[in-house]
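To start, the structure under review is shown below, and the notes come after it.
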Amino acid sequence: MSEGQFGPCCQTGSALSKLNAAHAAGAGLTRRKKSALRRPSQPNQRALINTKMPSSKTDHDQPDGAVPARAPEAFSLRAAGPLRGDVSAPGDKSISHRALILGAMADGETTVTGLLEGDDVLRTAAAMRALGAHIERDGRGAGAVWRIAGAHAPVPGKPGALEKPLYFGNAGTGARLVMGAAAGRGIAASFDGDQSLRARPMDRIADPLALMGVQCRPLGEPDEKGGPLRLPCTVEPPEKLKAIDYTLPKPSAQIKSAILLAALGAEGETVIREPEPCRDHSERMLAAFGAKLSITTERSGRVIRLAGPQRVTACNTAVPGDPSSAAFPIAAALIVEGSDIVVRDVLVNPLRAGFYETLVEMGADISFENRREVSGEPIADIRARYSPRLKGVAAPASRSASMIDEYPILAIVAAFADGDTYMPGVQELRVKESDRIASVEAGLKANGVGVESGGDWMRVMGRGRTVAGGGRVSTHHDHRIAMSFLVMGLATQKPAAIDDAAMIATSFPTFFDLMAQLGAAGR
Ligand code: S3P
C-alpha cells in the first residue's frame, strides 16, 4: 500500500476518464432510471404501507442510487396522554461521520461506540471501505462497537482502482467531508447521491479545494440550467496539494471540515478564518486523533491553523447523543399536556446549543442535569416538561449556525407559543435536504398556522395552545421536515399527516420506537 492513502485503491486519471465517458454516453444514468422502474416493492415500500409503525427504511438496498417510487400513504403520530419516560438520544450524526472518516485516515485501529447507525452514516462507512479502510461492527444495538482499521493497516483484497462513484444517498455531510478527505490523501474519486443530494450545491467545497489545486468536475450530462457544481462529480487532486489561507464565506462546518481533512495532506500551513463560528467537532476530533492544530481568536474571528502533511493516530471514540435528534422528543414534551421526559447523554456543545437557548428564552421548562464530558465533548441529560406559557421570540441571526438543523422543529414549537417568533439569517435553509423555509411554511399553513417568509427569514405567528391541524404535509424527502410535523400532530386539534416517513432513517432510525417508548403511537 502506498503511504498517504486510505488503502491501495488509488484511482487513476484514466479510470476517471472512463467513468466520465460512460456517464457522458448516459450508460450509468439510464441504468439507474430503469432499475427504479423495475423495483416497485423494496422493503421501504413495505414500511410505507405499515402506517401503524413505519420502520423508516430508505434505499439501503439500492446501491445504484435508485430512488424508489413512493406510495401515496399518510403517517401521523398521536399521544393518548402525557409523554413520560427516560430515553437516550441516538448518536450524533456529525460526530459519527467524522469518527468513521478520521478512523479510516488514521494509523492503527479506532473503535467507536454509540455510532449513529442511520442511513447517512452507513453511506460514509461504505465510502471509507471503498477507499480501502477495513470497517466492521461487533455486537448489536446500544452495545455495538465499530472497529476501523485505518490507512496504514493491511487491507487485503481491495481492487487497484475505484470502479464506481462513491454513493452517498441523502448524506450531504458525508459527501462533502469525504471530498476533502480523498483530496487530502491524493485519491481521485467520483461522488454521487440521491435526487435530493444531487440538487444541492457542491461548489462550496470545490472552490476552496480548487485553490489547493484539486479539480472538481461534473460527471455526466452538464446541468442545462448552469449554476453551481452538483453531484455526480469527480474530485482529482494534484500531485502536490497546496496549503491555503481561506476565509469561510458562510459559517459552514462542512466547508471547514473538508478543508481541514484536505489540509492533512497539503504542503505547508493551511489557515481557515471563521468570521462566525460553526460546529467544531472536526477540530476537537482532529486533536483527539493526535493532529497538531491551533485555534486562536483574532480580528477576523476564529482562526484555525493546521500544518501539513500530518498523519493521524487511531483514537477510541464514544459518540454522544445528537442534540438535533433529541430536539424532536423534547419539543413534543413541551407541547403535549402533562408531559415530563428525560433524554440522556445529549451533546451540549455551545456551537450546537442554539435551539435549547431559544427554548429557554421562550419560557420552556427544560433543565440540563448531570453535565459531563465524553470524548472531548460536553454532554448532559435534558429534562423537558409541558410548557403551557411559551412565548414568541426573535432568535438572533448570530445564533443561526448553532441551530441550523433545528429551525423546522423550532417553527413547530413557535406555532404553540403566544405571539410571533422571528427567525432571521436562515438563508442556508434554502439548500438543505429540501428548501426548509418553503417546506415549513407550506406545512404550517396547511395546518392553520400563519407564516411569513423572505429569502433569508421566516416569521411564525404563534397560535397559543390551539393549533388546528387537519392538514397533510409534503416532506420533500426531508427527514427533519417529516419528524417536525409528526411532532406537531401530537398536539393539534385534528390529526396532521405527512406524506412520507422513509427518510427519517437517514438520521434517526429509532425515531418511532423512541416516541412509542414515551407514549406516542403511529397511526
Ligand atoms: C454539518 C454541518 C451543517 C449541518 C449538517 C451537518 C456537519 O451543514 O446543517 O446537518 O456535520 O458538518 P453546513 O456546514 O452546510 O452548515
Side-chain angles (χ1 to χ4, degrees), residues 1-11 91-92 94-117 120-139 144-162 166 168 171 173-189 191 235 237 241 257-266 281-293 306-319 375-377:
M1 184 189 329
S2 47
E3 288 262 311
Q5 295 174 358
F6 294 109
C9 55
C10 181
Q11 190 171 342
D92 185 70
S94 294
I95 294 178
S96 295
H97 283 297
R98 286 159 172 80
L100 288 168
I101 295 169
L102 275 179
M105 295 177 85
D107 295 332
E109 185 186 90
T110 290
T111 63
V112 185
T113 54
L115 188 92
L116 171 68
E117 296 186 1
D120 277 12
V121 172
L122 298 178
R123 297 288 180 194
T124 292
M128 301 324 286
R129 280 194 189 106
L131 287 167
H134 187 82
I135 303 179
E136 61 184 36
R137 180 179 69 169
D138 276 352
V145 178
W146 286 73
R147 295 183 192 286
I148 307 159
H152 304 285
V155 185
K158 285 279 164 193
L162 293 183
L166 299 171
F168 285 91
T173 304
R176 289 173 172 150
L177 267 55
V178 175
M179 285 168 80
R185 285 305 168 92
I187 302 175
F191 292 72
V235 171
L241 208 58
S257 304
I259 300 171
L260 281 171
L261 293 169
L264 285 173
H281 310 309
S282 296
E283 298 91 299
R284 289 176 187 248
M285 205 181 280
L286 276 164
F289 276 72
K292 289 185 183 53
L293 71 169
L306 187 149
Q310 278 196 46
R311 288 165 72 145
V312 286
T313 313
C315 177
N316 296 338
T317 304
V319 179
S375 294
E377 293 275 5

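In this text, all values refer to a predicted model and were calculated from it rather than measured experimentally.
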Exercise. Flag the pair Val178 / Leu131 as yes when at least one side-chain heavy-atom distance between them is below 4.5 Å, and no otherwise.
Key: yes
Practice problem: Answer whether the closest heavy-atom distance between the side chains of Val112 and Ile148 falls below 4.5 Å. | Solution: yes
Exercise. Indicate yes or no: at least one non-hydrogen side-chain atom of Arg98 is less than 4.5 angstrom from one of Leu286.
Key: no
Self-check item: All side chain to side chain contact (heavy atoms under 4.5 Å, CB included) counterparts of Thr111, not counting sequence neighbours
Solution: Glu109, Val145, Arg147, Asn316
Quiz item: Which value, rounded to the nearest 0.5 Å, describes the distance between Phe168 atom CZ and Met179 atom CE?
Solution: 9.5 Å
Self-check item: Pairwise distance NE2(His97) to CG(Asp120) - rounded to 0.5 angstrom
Solution: 5.0 Å
Self-check item: Nearest atoms (heavy-atom pairs only) where Ala125 meets Trp146
Solution: CB-CZ3, 4.4 Å
Quiz item: Are the side chain of Arg185 and the backbone of Met105 linked by a donor-acceptor contact shorter than 3.5 Å?
Solution: yes
Quiz item: What pair of heavy atoms forms the shortest contact from Thr110 to Gly103, and how long is it?
Solution: OG1-CA, 3.7 Å
Self-check item: Thr124 vs Ile101 side-chain heavy atoms within contact, under 4.5 Å
Solution: yes
Exercise. Go through the steps for Leu115 and Leu100 under the test side-chain contact (heavy atoms from CB on, under 4.5 Å), then give the verdict.
Key: CA-CA 9 Å; Leu115 188 92; Leu100 288 168; 4.0 Å; yes
Quiz item: Hey, what do you get for CZ (Arg284) to CD1 (Ile95), rounding to the nearest 0.5 Å?
Solution: 8.5 Å
Exercise. Would you name the heavy atoms of Ala99 and Thr317 that are closest together and state the gap between them?
Key: CB-CG2, 4.4 Å
Quiz item: Looking at Glu117 and Ala144, what are the two nearest heavy atoms and their distance?
Solution: OE2-CB, 3.8 Å
Quiz item: Atom CZ of Arg129 and atom CG of Leu166: how far apart are they, to the nearest 0.5 Å?
Solution: 13.0 Å
Quiz item: Heavy atoms, side chains only, cut-off 4.5 Å: are Leu306 and Leu260 in contact?
Solution: yes
Practice problem: Apply side-chain contact (heavy atoms from CB on, under 4.5 Å) to the pair His281 and Asp92, showing each step before the final yes or no. | Solution: CA-CA 10 Å; His281 310 309; Asp92 185 70; 4.3 Å; yes
Self-check item: For Ala318, all residues meeting side chain to side chain contact (heavy atoms under 4.5 Å, CB included), sequence neighbours excluded
Solution: Thr113, Val374, Ser375
Quiz prompt | Heavy-atom closest contact (Thr313 atom, Ala106 atom, distance) | solution = C-CB, 3.7 Å
Self-check item: Closest non-hydrogen atom pair between Leu241 and Gly265, with its separation
Solution: CB-O, 3.9 Å
